Colleague: 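If you scroll down you'll find the structure; I have some questions about it.
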Amino acid sequence: MEQRLNEIIRDSENEIETTNRKSNMLGIIKLVLFAALVFTGVKLCFTSNYLGWGIGAAAQLVLFVFALIWHSQVLDRIQQMKGIYSIALRDRKRLRGEWQEGEDDGEDLAGEEHPYAQDLDIIGKRSLFQYINCTHTFHGRRKLAEDLLSPEYSIEEIEKRQQMIYEIGEDYEGAAHMEYVFSQIDTGEETAELLEQLKDQNPFSGNRCFSVLLKVMRGLTIVACGYLVCFRTNAGFVLLGTLLFIQFCLWRLGEYKTRHYLEQLRRASRKVMPYNLAVREVLSRKFTVVRGKELQEIMAEAQKGMDELAHISRNVGWSYNLLSDLLLNITFLWSYKNAFDLQNWKKVYGEKVEDWFGALGEMECYLSFANLLRSCDQMCAPEVTEENKGFCGVNLGHPLLANKDRVCNDFEMEDGIVILSGSNMSGKSTFMRTVGINMVLARAGSYVCAEAMSCGRPRIMTSMRIVDRTTEGISTFYSELLRIRQIIDAAGEAEPVYFLIDEIFRGTNSVDRRKGAEGVIQKLCQQGCCGIITTHDLEICEQQKGTEGIKNYSFCEEYRDGDMYFTYTLQEGVAKTTNGEFLLKKVGIL
C-alpha cells in the first residue's frame with residue numbers, strides 16, 4: 001500500500017507542477033487578450049471602419065471568455081490535485097504510524113461518563129476516531145462518532161456495512177476522489193442549523209393572494225420596463241416609478257421577516273453547492289453491494305431537490321451586496337421571491353432532507369472505516385452473532401499500534417469471566433483494549449484487526465482509567481467502586497453486558513482488594529456476565545482457581561543477560577513471574 005501511495009504522491013506532484021505552468025501561461029494569454037481588447041475598444045471609438053474593428057473586438061472577446069473558462073478549469077484541476085496529494089500524504093502518515101498529531105480527535109463528542117469511550121481510546125488524543133476519521137461534513141463527523149460510541153445495527157445491517165467498507169477499501173483512487181469532493185464542504189455548525197430550518201414546515205406566508213399579488217407586481221414591472229424601451233413616454237416613466245416605489249415599500253415592510261426566514265440559507269449558501277456536488281459524486285460510482293445501491297437510490301431522489309436548493313441558494317447569494325440587494329428587491333421583490341421559493345421547496349422535500357444529509361454522512365463513515373483496511377496489515381470481516389456471550393479471535397491485534405510493533409494473540413472465551421494476570425508493562429491492559437476496540441468495530445459493522453473473529457453485540461462497559469475527583473471529594477478507590485457498581489447494575493438489566501475491568505481495586509489495600517474482587521466476581525458470575533478482569537494480585541487469581549465460569553490467562557516476561565524482555569504473548573494459567581523488584585533495582589531504589 002505504501003508503494004501505491006508513493007506513486008500517487010509522485011504523480012500528483014508532477015501533475016501539479018505541469019498544470020501550474022499551464023496556468024501561468026493562460027494567465028499571460030488572458031492579460032494579452034485583455035490588453036488587445038482594450039486597445040481595440042479604444043480604436044473602435046475613433047475609427048470609421050466600425051465593421052472591421054467590431055469583428056476584431058468580438059473575436060477577441062470570444063477568445064478572452066474562452067481563456068477565462070479554460071483557466072478556471074485548470075485552476076480547479078490544480079485544487080483537486082492538491083487535495084488528492086494532501087489526502088495521500090495523510091494516509092501515508094497513518095500507514096507509517098505518524099498520524100497522532102494535527103488531526104481531529106473528536107474530544108467534544110463524548111463525555112467522561114461514556115461507558116467505554118475514554119478507556120478504549122475511541123475518542124480523544126491518539127484514539128480510534130483520530131486514526132480513521134476522514135469526514136469533512138457535520139453529519140459525517142457526528143455519524144462516525146455515533147457508530148463508534150453507540151452502534152445499534154442488526155446482523156443484516158452489519159453485513160451490509162462490511163460489504164460496503166470492503167468495496168470502498170478496494171478502490172483507493174475512487175475513495176480519495178470522493179473524499180476530496182466531501183472536503184469542499186466542512187464540519188461547521190451552519191449546516192446542522194440549515195437542516196433544522198429546511199425541515200421546519202412553518203410557512204413563510206399562508207396567504208396565497210399575497211403571493212399572487214407579488215407575482216403580478218413583478219410582471220407589471222417587467223412590462224413597464226419593456227414599454228419604456230420601446231416607447232419613451234412620460235406615462236411610462238410615471239408607471240414604472242410608481243411600481244418601483246410600491247415595491248420598495250413592500251420590500252422594506254417585509255425585510256425583517258424575509259431576512260429571518262432566509263437567514264440560515266444565506267449563512268450556509270456557499271455550502272449547498274458542494275453538497276450538491278457530493279450527491280453527484282456518490283451517484284457517479286458503480287456500487288455492486290446492496291447498501292451502496294440503497295444509498296444511491298436516496299441520492300437519486302436527492303439530486304433534483306439539491307439542484308433546486310442550490311438554485312435558490314444562488315439567488316439568495318445575489319443579495320449579499322447592498323446595491324444588488326436594493327436593485328433586485330425594488331425591481332423583482334427578490335427576497336419575497338426567494339422566501340416563497342424556499343417555502344415551496346420545503347413542502348416538497350422538507351421531510352426527506354434529513355435522509356439525504358444522513359446518507360452523505362454515512363458514506364463518509366464508510367470512507368473512514370475503509371482506512372483501516374489500507375493501514376492495518378491483517379483485517380477481516382468479523383462474524384457477529386445473535387448469541388451475545390462469548391468471543392473468539394485468531395491473531396487478534398490492536399489496530400492503533402504500528403504494523404511493525406503489533407503482537408497478535410489468539411483468544412477465545414465461550415462464557416464467564418477471564419482473570420488476566422501478569423507483571424508490570426507485560427501487556428495486560430493493551431490486550432484488554434485490543435478485545436474491546438475490536439468489539440466496538442465489529443458492532444459498528446467495520447472490519448477488525450484479526451485473521452478471524454466472532455462475537456455478539458453486547459453492551460460494552462469498562463473500568464480502566466479511573467482517577468479521583470478532588471473537587472467532589474471522591475477518591476480513586478471510590479470512583480472505581482461507583483464505576484463497577486454501574487457495571488453490576490447494567491448486568492442486571494435485560495441487555496447483555498461485556499465488561500473490561502483493569503487492575504481491580506488497585507486504589508486500596510491488599511486485604512480489601514481481595515475481598516472486593518471476590519465479591520464483584522461472584523456478583524458478575526451470578527448475573528451471567530462475560531468479561532475480563534486484570535490484576536497484579538496473584539492471590540486473587542489463586543483464590544478463584546477452579547471456580548466454575550472463571551478462567552485464568554496471563555502475560556509474562558523473560559530475563560536474559562541481566563535484562564528483561566516482554567513477549568506480549570497470551571498464555572493460559574496464572575502468571576508465574578513478577579518484575580516489581582527488578583524494576584525497583586533498575587531505577588536505583590533498591
Side-chain angles (χ1 to χ4, degrees), residues 61 65 68-69 72 190-191 193-195 197-277 303-350 353:
L61 181 61
V65 171
L68 276 175
I69 296 171
S72 177
E190 295 92 341
T191 308
E193 295 168 359
L194 173 62
L195 175 60
Q197 190 205 37
L198 294 177
K199 292 191 300 181
D200 184 5
Q201 292 297 314
N202 290 325
F204 168 71
S205 173
N207 191 334
R208 289 181 58 84
C209 294
F210 182 59
S211 174
V212 172
L213 174 63
L214 295 177
K215 290 179 181 178
V216 170
M217 292 293 296
R218 282 198 297 271
L220 287 174
T221 304
I222 293 170
V223 170
C225 289
Y227 178 81
L228 274 179
V229 171
C230 300
F231 311 102
R232 298 188 178 184
T233 64
N234 290 334
F237 280 110
V238 171
L239 175 62
L240 181 60
T242 303
L243 288 170
L244 292 178
F245 177 73
I246 293 172
Q247 293 190 156
F248 174 80
C249 293
L250 286 171
W251 168 50
R252 296 302 296 174
L253 286 170
E255 183 181 18
Y256 175 79
K257 185 176 181 180
T258 56
R259 184 171 292 276
H260 179 73
Y261 191 74
L262 296 169
E263 182 60 28
Q264 293 303 332
L265 186 59
R266 187 192 308 275
R267 288 174 58 192
S269 61
R270 291 182 176 86
K271 299 178 183 178
V272 174
M273 181 54 71
Y275 266 108
N276 196 18
L277 294 175
Q303 185 175 358
K304 185 172 184 292
M306 291 299 287
D307 283 343
E308 292 179 15
L309 185 63
H311 178 71
I312 298 170
S313 176
R314 281 194 296 269
N315 288 343
V316 171
W318 279 106
S319 60
Y320 271 115
N321 182 280
L322 290 176
L323 180 59
S324 63
D325 192 27
L326 172 66
L327 292 175
L328 287 169
N329 275 292
I330 65 173
T331 53
F332 300 110
L333 294 169
W334 198 247
S335 295
Y336 282 109
K337 176 188 179 304
N338 292 331
F340 277 107
D341 285 347
L342 181 58
Q343 174 181 291
N344 294 332
W345 188 92
K346 287 183 183 181
K347 287 180 182 178
V348 179
Y349 301 111
V353 68

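Only a predicted model underlies this, so the values are computations on that prediction, with no experimental measurement involved. The figures that follow rest on heavy atoms only: side chains count, while hydrogens, waters and symmetry mates do not.
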Colleague: Donor-acceptor pair, Tyr336 side chain versus Leu250 backbone, under 3.5 Å?
Modeller: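 The answer is yes, because a donor-acceptor pair under 3.5 Å joins these two groups.
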
Colleague: Within the structure provided, determine whether Lys346 and Gln197 are in side-chain contact (heavy-atom separation under 4.5 Å).
Modeller: yes

Colleague: Quick one: does Met306's side chain get under 4.5 Å of Tyr349's, heavy atoms only?
Modeller: no

Colleague: Please assess Thr258 against Trp334 for the test side chain to side chain contact (heavy atoms under 4.5 Å, CB included), listing each intermediate value before the final yes or no.
Modeller: CA-CA 10 Å; Thr258 56; Trp334 198 247; over 6 Å; no

Colleague: Show the numbers, then the answer: is there a side-chain hydrogen bond (donor to acceptor under 3.5 Å, both in side chains) between Thr221 and Gln247?
Modeller: CA-CA 9 Å; Thr221 304; Gln247 293 190 156; 3.0 Å; yes

Colleague: For the residue pair Asn315 / Asp341, report whether a side-chain donor-acceptor contact shorter than 3.5 Å exists.
Modeller: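 The answer is no; no qualifying pair exists.
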
Colleague: Is it true that, when you exclude Lys304 itself, more than 12 heavy atoms of the residues, nucleotides or ligands shown sit nearer than 6.0 Å to its NZ?
Modeller: no

Colleague: Under the criterion side chain to side chain contact (heavy atoms under 4.5 Å, CB included), I'd like the reasoning laid out for Phe204 against Leu342: C-alpha separation, chi angles, the key distance, then a yes or no.
Modeller: CA-CA 9 Å; Phe204 168 71; Leu342 181 58; over 6 Å; no

Colleague: Using the test side-chain contact (heavy atoms from CB on, under 4.5 Å), find all partners of Phe245 that sit at least two apart in sequence or belong to another chain.
Modeller: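 By the side-chain contact (heavy atoms from CB on, under 4.5 Å) rule, Phe245 matches Cys249.
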
Colleague: Got a second to check how far Ser335's OG is from Arg252's CZ, nearest 0.5 Å?
Modeller: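 Nearest 0.5 Å value for the OG-CZ distance: 10.5 Å.
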
Colleague: The criterion is salt bridge (charged side-chain N to carboxylate O under 4.0 Å, His left out); which residues satisfy it with Arg259, sequence neighbours excluded?
Modeller: Glu255, Asp325

Colleague: Do the side chains of Phe340 and Trp345 get nearer than 4.5 Å, heavy atoms only?
Modeller: no

Colleague: Applying side chain to side chain contact (heavy atoms under 4.5 Å, CB included), run through Tyr261 and Asn338 and close with a yes or a no.
Modeller: CA-CA 10 Å; Tyr261 191 74; Asn338 292 331; over 6 Å; no

Colleague: Taking atom CG of Leu244 and atom CG of Asn329, what is their separation to the nearest 0.5 Å?
Modeller: 12.0 Å

Colleague: Could you measure the distance from the CD atom of Gln303 to the CG atom of Asn276? Nearest 0.5 Å is fine.
Modeller: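 Between Gln303 CD and Asn276 CG, I get 7.0 Å after rounding to 0.5 Å.
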
Colleague: Is there a side-chain contact between Phe332 and Leu327 in this structure, where contact means two heavy atoms from C-beta onward sitting under 4.5 Å apart?
Modeller: no

Colleague: Assess the residue pair Leu198 and Leu309 against the criterion (side chain to side chain contact (heavy atoms under 4.5 Å, CB included)); give the C-alpha distance rounded to whole Å, side-chain angles, the decisive distance to 0.1 Å, and a yes or no.
Modeller: CA-CA 10 Å; Leu198 294 177; Leu309 185 63; 3.8 Å; yes

Colleague: What distance do Leu61 atom CG and Leu68 atom CG have between them, rounded to the nearest 0.5 Å?
Modeller: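 It comes to 9.5 Å.
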
Colleague: Can you check whether Arg314 reaches Met273 side chain to side chain, under 4.5 Å on heavy atoms?
Modeller: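 Arg314 vs Met273: side chains touch.
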
